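When reading the values below, keep in mind they use all heavy atoms of this one structure, side chains included, and skip hydrogens, waters and symmetry mates. Treat the numbers as computed from the prediction; the structure is a model and nothing was measured.
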Amino acid sequence: MPHYVLVHQVERFPESQDEWIELWRAVRKRCSEKAEWLHSFMDTKTTKLYCEWRADDLEAVMECFGPESLDMAPIEYTTEIAYFETEWLDEE
C-alpha cells in the first residue's frame, strides 16, 4: 500500500488539549479501511504539521478530513513517498 505525507499549516490552535484530541479523533473516525493515519510531527517554529499515511490512494486520505480540521490546519502540500524501515539496515 502506498505511503503519503501531508503537510498542514496550522492556522489556529484549539483552546484546550481536549479540544485538540477530539478534533483529531474525528479525523480518525472518518477514515475507512482504505486509509490509515500512521503518525505526525510538528515543527514548532513554523507550526507545520507533517502527517504520514498509508492508503490505497490520496483520495482515501482526503476523505478522512472534515471542514473543521481543514479550517484549523489546511493542507499545503501532499506527496507519495517511498518508505523503508531503518531497522533493516542493522540486519546482516
Side-chain angles (χ1 to χ4, degrees):
M1 197 177 275
H3 285 246
Y4 299 91
V5 168
L6 279 65
V7 180
H8 300 261
Q9 178 60 57
V10 179
E11 297 290 334
R12 136 180 100 77
F13 288 89
E15 293 184 22
S16 70
Q17 184 176 4
D18 289 340
E19 185 183 348
W20 183 263
I21 290 168
E22 286 307 312
L23 176 68
W24 296 123
R25 259 193 198 135
V27 171
R28 286 183 64 90
K29 287 179 183 178
R30 291 175 58 98
C31 292
S32 69
E33 67 279 349
K34 296 179 182 181
E36 180 184 7
W37 182 10
L38 299 176
H39 52 265
S40 297
F41 303 92
M42 179 176 282
D43 181 332
T44 57
K45 290 182 181 178
T46 65
T47 65
K48 289 191 187 296
L49 182 64
Y50 299 84
C51 302
E52 183 182 352
W53 292 78
R54 180 174 39 225
D56 287 350
D57 51 40
L58 187 55
E59 291 79 23
V61 175
M62 298 306 292
E63 290 172 3
C64 300
F65 296 100
E68 184 178 342
S69 59
L70 291 176
D71 180 52
M72 293 185 85
I75 298 169
E76 273 191 3
Y77 180 77
T78 65
T79 189
E80 185 173 343
I81 61 171
Y83 179 79
F84 66 92
E85 293 282 348
T86 57
E87 290 82 21
W88 298 342
L89 301 172
D90 298 330
E91 296 176 11
E92 292 189 31

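- The line from OG1 of T47 to CE of M42 is 6.5 Å long, rounded to the nearest 0.5 Å.
- By the 6.0 Å contact criterion, NZ on K48 is enclosed, its count of non-hydrogen atoms from other residues, nucleotides or ligands being greater than 12.
- In terms of heavy-atom proximity, C31 sits nearest to A35 at CB-O, 3.7 Å.
- I21 and V27 are members of different hydrophobic clusters when ILVMFWY side chains are connected at heavy-atom separations under 4.5 Å.
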Less than 3.5 Å apart, which donor and acceptor atoms pair up between the side chains of residues 55-65 and the rest of the protein, not counting sequence neighbours?
unit_1	atom_1	unit_2	atom_2	d
D57	OD1	E59	N	3.3
D57	OD1	A60	N	2.9

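- The line from NE2 of H8 to CE of M72 is 12.5 Å long, rounded to the nearest 0.5 Å.
- Here CD of E36 is found 11.0 Å from NE2 of H39. Values are rounded to the nearest 0.5 Å.
- Hydrophobic clustering of Ile, Leu, Val, Met, Phe, Trp and Tyr side chains at less than 4.5 Å, counting indirect connections, keeps Y83 apart from Y4.
- Within a 6.0 Å sphere centred on OH of Y77, other residues, nucleotides and ligands contribute 12 heavy atoms or fewer.
- Rounding to the nearest 0.5 Å places CD of Q9 at 9.5 Å from CG of D43.
- Counting all heavy atoms, side chain and backbone alike, E80 lies closest to P2 at OE2-CB, 3.5 Å.
- Evaluation of the side-chain contact (heavy atoms from CB on, under 4.5 Å) rule for E19 yields P14, E15, S16 as partners, not counting sequence neighbours.
- Linking Ile, Leu, Val, Met, Phe, Trp and Tyr residues whenever their side-chain heavy atoms come within less than 4.5 Å places L70 and V10 in a single cluster.
- Only one option out of R54, E52, R28 pairs with W37 in a side-chain contact (heavy atoms from CB on, under 4.5 Å); it is R28.
- Here the closest non-hydrogen pair linking H3 and M1 is CD2-O, 3.6 Å.
- V5 is not connected to L38 by any chain of hydrophobic side-chain contacts under 4.5 Å among Ile, Leu, Val, Met, Phe, Trp and Tyr, and they are in different clusters.
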Can you check side chain to side chain contact (heavy atoms under 4.5 Å, CB included) on W53 and L6, steps first, answer last? CA-CA 8 Å; W53 292 78; L6 279 65; 3.9 Å; yes
